[in-house]
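These numbers come from the heavy atoms of this one structure, side chains and all, not from hydrogens, waters or symmetry mates.
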Amino acid sequence: MGRVHCFLQAVVASGLQLHRRHRHGWSIVLLCGLGLWPAQGMAYKAPGGELEERITPQLFQENRLPAQDVSGRTDRLQRLVQRHEQQQPTEWREKVKTLRTLSPLEQLRAVHAYINQRVRYVEQPNRWKAPQEAFASGGVCVEFAVSKMLLLRDSGFPESSLRVVTLRPIKPNGVYHVILLARLPEGAVYVLDSPDRAQSATIVPLASYRERIRPVVWAGWRGGFSSNDHPQVGGDFSTWPAAPLGRRDRTAHFASGDRLVDIAADLRVVRRGERPLTVAERERLARLRRYYHAPTADNGRSLTAEERQKLKGIRARLNRDDGINPRSLMAQKRFFFE
């Protein structure tokens, strides 16, 4: 009963804040309170009462071309793989020889334990380091996931059965997180997480992974990417069915009407069926993204006053309505890219 009491107190406190801003604040709080359980926070519940699993095996069945990914993640991964193929850690080949003698499940366990022990977890700017760089200077979640993917691939594990997955936070002030998904020949899917996480002691079956409800922003490998994140409603996606209550993208109603500005603000990515961006559009998108994530005078010189105003407006509304406090430049990069 203690947890229920605390939860009701939190609902009442939220209602007081909403009541000051919205005439129907109390009804909003009542609806939210009926659909939430204290232990799950902001997680969405399916009609049957079970948590919706946002990380699903479907991520292995969709292959979007790298050219369709304007988030920059697929390109980053491909460049990282190239660096790895040019230069590898000194002990890499010997480790690969040992791993090639193991079964696929044993490979997952061995690689997970080895990389989590070999790479130091160090908070630093998001650089997407190759294994040799990560072995030397440490890294964050993306370095652990990519190093495991490459070691498994080099040891004979099918690259098509591996996904480096970026998860969106489920709380307004949360951070993005990167994990590795691996699918065994018989179809079982496991999560290989970084050592700073509670479930990182061993590989975890996907069905038992505590953060499986987080939306998937991107799931990539060298040959392409996929995502089961829900599209926005309206704009270019007016033909898509509306998302059920609790599943709509929290940024959907902030769309500026400018497709590339919306992508720069991380509101969505190019989805299946949309035409790939032209070279000129990709260059413009890179400028927009730099200014959105770091709105300095230097980054804004090549943009029009209207573009700068749109990007600032999206940022301000997200910060105000989602309760995100102003961040330093480093914290902003962590929020959008980790």
Which heavy atom of Ala110 sits nearest a heavy atom of Leu102, and at what distance?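 For Ala110 and Leu102, the tightest heavy-atom pair comes out as CB-CD1, 4.0 Å.
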
Nearest heavy-atom pair of Gln132 and Gln88: which atoms, and what distance?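 Of all heavy-atom pairs spanning Gln132 and Gln88, the closest is NE2-O, 4.0 Å.
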
Do other residues, nucleotides or ligands put more than 12 heavy atoms under 6.0 Å from Gln117 CD?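 Atom CD in Gln117 is not packed in, count stays at 12 or less.
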
Report the C-alpha separation of Trp221 and Thr74 in whole Å, then their side-chain angles, then the decisive distance to 0.1 Å, and conclude whether the side chain to side chain donor-acceptor pair (under 3.5 Å) test is met. CA-CA 7 Å; Trp221 66 103; Thr74 302; over 6 Å; no

Say you draw a straight line from CG of Leu162 to CG of Leu108; how long is it, rounded to the nearest 0.5 Å?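 Between atom CG of Leu162 and atom CG of Leu108 there are 8.0 Å.
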
With the side chain counted from C-beta on, respond yes when Met149 and Leu152 share a heavy-atom pair under 4.5 Å apart, and no when they do not.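 In short, these two side chains do not touch, never coming nearer than 4.5 Å.
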
Tell me, do Leu180 and Phe144 make a side-chain contact under 4.5 Å, heavy atoms counted?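 Leu180 does not reach Phe144 side chain to side chain.
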
Verdict with supporting geometry, Leu105 and Ile203, side-chain contact (heavy atoms from CB on, under 4.5 Å): CA-CA 10 Å; Leu105 181 58; Ile203 61 175; 3.9 Å; yes

Checking Glu281 side chain against Thr278 main chain: does a donor-acceptor pair fall under 3.5 Å?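 Here the side-chain-to-backbone pair exists.
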
What is the minimum heavy-atom distance between Arg64 and Ser226, and which atoms define it?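 For Arg64 and Ser226, the tightest heavy-atom pair comes out as NE-CA, 4.4 Å.
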
With side chain to side chain donor-acceptor pair (under 3.5 Å) as the rule and sequence neighbours excluded, what pairs involving residues 95-104 come up?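 Found Ser103-Glu106.
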
Note: Glu85-Arg222 ion pair, threshold 4.0 Å (strictly below): yes

Is there side-chain contact between Arg168 and Val216, with at least one heavy-atom pair below 4.5 Å?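 When only atoms from C-beta onward are counted, Val216 and Arg168 do not touch, as no gap falls below 4.5 Å.
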
Polar side-chain atom of Glu307 near backbone of Thr304 as donor-acceptor pair, under 3.5 Å: yes

side-chain contact (heavy atoms from CB on, under 4.5 Å) between Glu123 and Val140, worked out: CA-CA 6 Å; Glu123 289 284 355; Val140 292; 4.3 Å; yes

Residues Val164, Val178; criterion side-chain contact (heavy atoms from CB on, under 4.5 Å); working and verdict: CA-CA 7 Å; Val164 176; Val178 180; 3.6 Å; yes

Walk me through it: do Asp298 and Thr296 pass the test side chain to side chain donor-acceptor pair (under 3.5 Å)? CA-CA 5 Å; Asp298 288 341; Thr296 64; 5.4 Å; no

Interatomic distance, CG@Asp262 vs CD1@Ile314, rounded to 0.5 Å, equals 5.5 Å

Between Arg210 and Arg197, is any pair of side-chain heavy atoms under 4.5 Å apart?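 In short, these two side chains do not touch, never coming nearer than 4.5 Å.
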
Does Gln107 reach the main-chain N or O of Ser155 with its side chain, forming a donor-acceptor pair under 3.5 Å? yes

Of the options Gln199, Lys148, His177, which is the one that meets Asp193 in a side chain to side chain donor-acceptor pair (under 3.5 Å)?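 Exactly one candidate clears the test, His177.
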
Spatial distance of atom OG1 (Thr56) from atom CD (Gln58) [nearest 0.5 Å]: 5.0 Å

Please check if the side chain of Arg163 supplies one atom and the backbone of Ala219 the other of a donor-acceptor pair under 3.5 Å.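 Flag not set: sc Arg163 to bb Ala219 has no pair under 3.5 Å.
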
Can you check whether Pro66 reaches Phe225 side chain to side chain, under 4.5 Å on heavy atoms?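 No; the side chains remain at least 4.5 Å from each other.
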
Residue pair Leu150 / Val81, side-chain heavy-atom distance below 4.5 Å: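 Yes, close enough: below the 4.5 Å cut-off.
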
Where is the tightest heavy-atom contact between Leu80 and Lys129, given as atom of each residue plus distance?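 Closest approach of Leu80 to Lys129: CD1-O, 3.2 Å.
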
From CA spacing to verdict: side-chain contact (heavy atoms from CB on, under 4.5 Å), Glu91, Phe135: CA-CA 11 Å; Glu91 69 266 38; Phe135 279 24; 3.7 Å; yes

Expected output: side-chain Arg183 to main-chain Pro57 donor-acceptor under 3.5 Å: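 Checked: no pair found.
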
Ring-face cation contact, Trp128 with Arg79, 6.0 Å cut, 45° max: no

Validation row: Leu288, Ile263 side chains within 4.5 angstrom (heavy atoms):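 Leu288 vs Ile263: side chains apart.
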
Are the side chain of Arg212 and the backbone N or O of Tyr209 linked by a donor-acceptor pair below 3.5 Å?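 At least one qualifying donor-acceptor pair exists.
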
Can you see which heavy atom on Arg287 is nearest to which on Leu303, and at what distance?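 In terms of heavy atoms, the two residues are closest at CB-CD2, 4.0 Å.
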
Are the side chain of Lys310 and the backbone N or O of Ala305 linked by a donor-acceptor pair below 3.5 Å? no

Side chain Glu143, main chain Ala134, donor-acceptor under 3.5 Å: no

How many angstroms lie between CZ in Arg282 and CZ in Arg289, if you round to the nearest 0.5 Å? 10.5 Å

Looking at every non-hydrogen atom in both residues, tell me the closest pair between Ser147 and Trp92 and how far apart they are.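 Scanning both residues completely, I find the closest heavy atoms to be O-CH2, 3.7 Å.
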
Out of curiosity, His84 NE2 to Arg153 CZ, how far, rounded to the nearest 0.5 Å?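 The NE2 atom of His84 sits 5.5 Å away from the CZ atom of Arg153.
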
Calculate, to the nearest 0.5 Å, the distance between atoms OH and CZ belonging to Tyr190 and Arg109 respectively.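 With rounding to 0.5 Å, OH (Tyr190) is 6.5 Å from CZ (Arg109).
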
Look at atom CD of Gln309 and say whether more than 12 heavy atoms of other residues, nucleotides or ligands are closer to it than 6.0 Å. no

Within a strict 4.5 Å, meaning less than it, do heavy atoms of the Ile55 and Ile179 side chains meet?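 Answer yes - side chains close enough.
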
Could you please spell out the steps behind the salt bridge (charged side-chain N to carboxylate O under 4.0 Å, His left out) verdict for Glu133 and Arg83? CA-CA 10 Å; Glu133 302 163 325; Arg83 295 200 307 274; 3.4 Å; yes

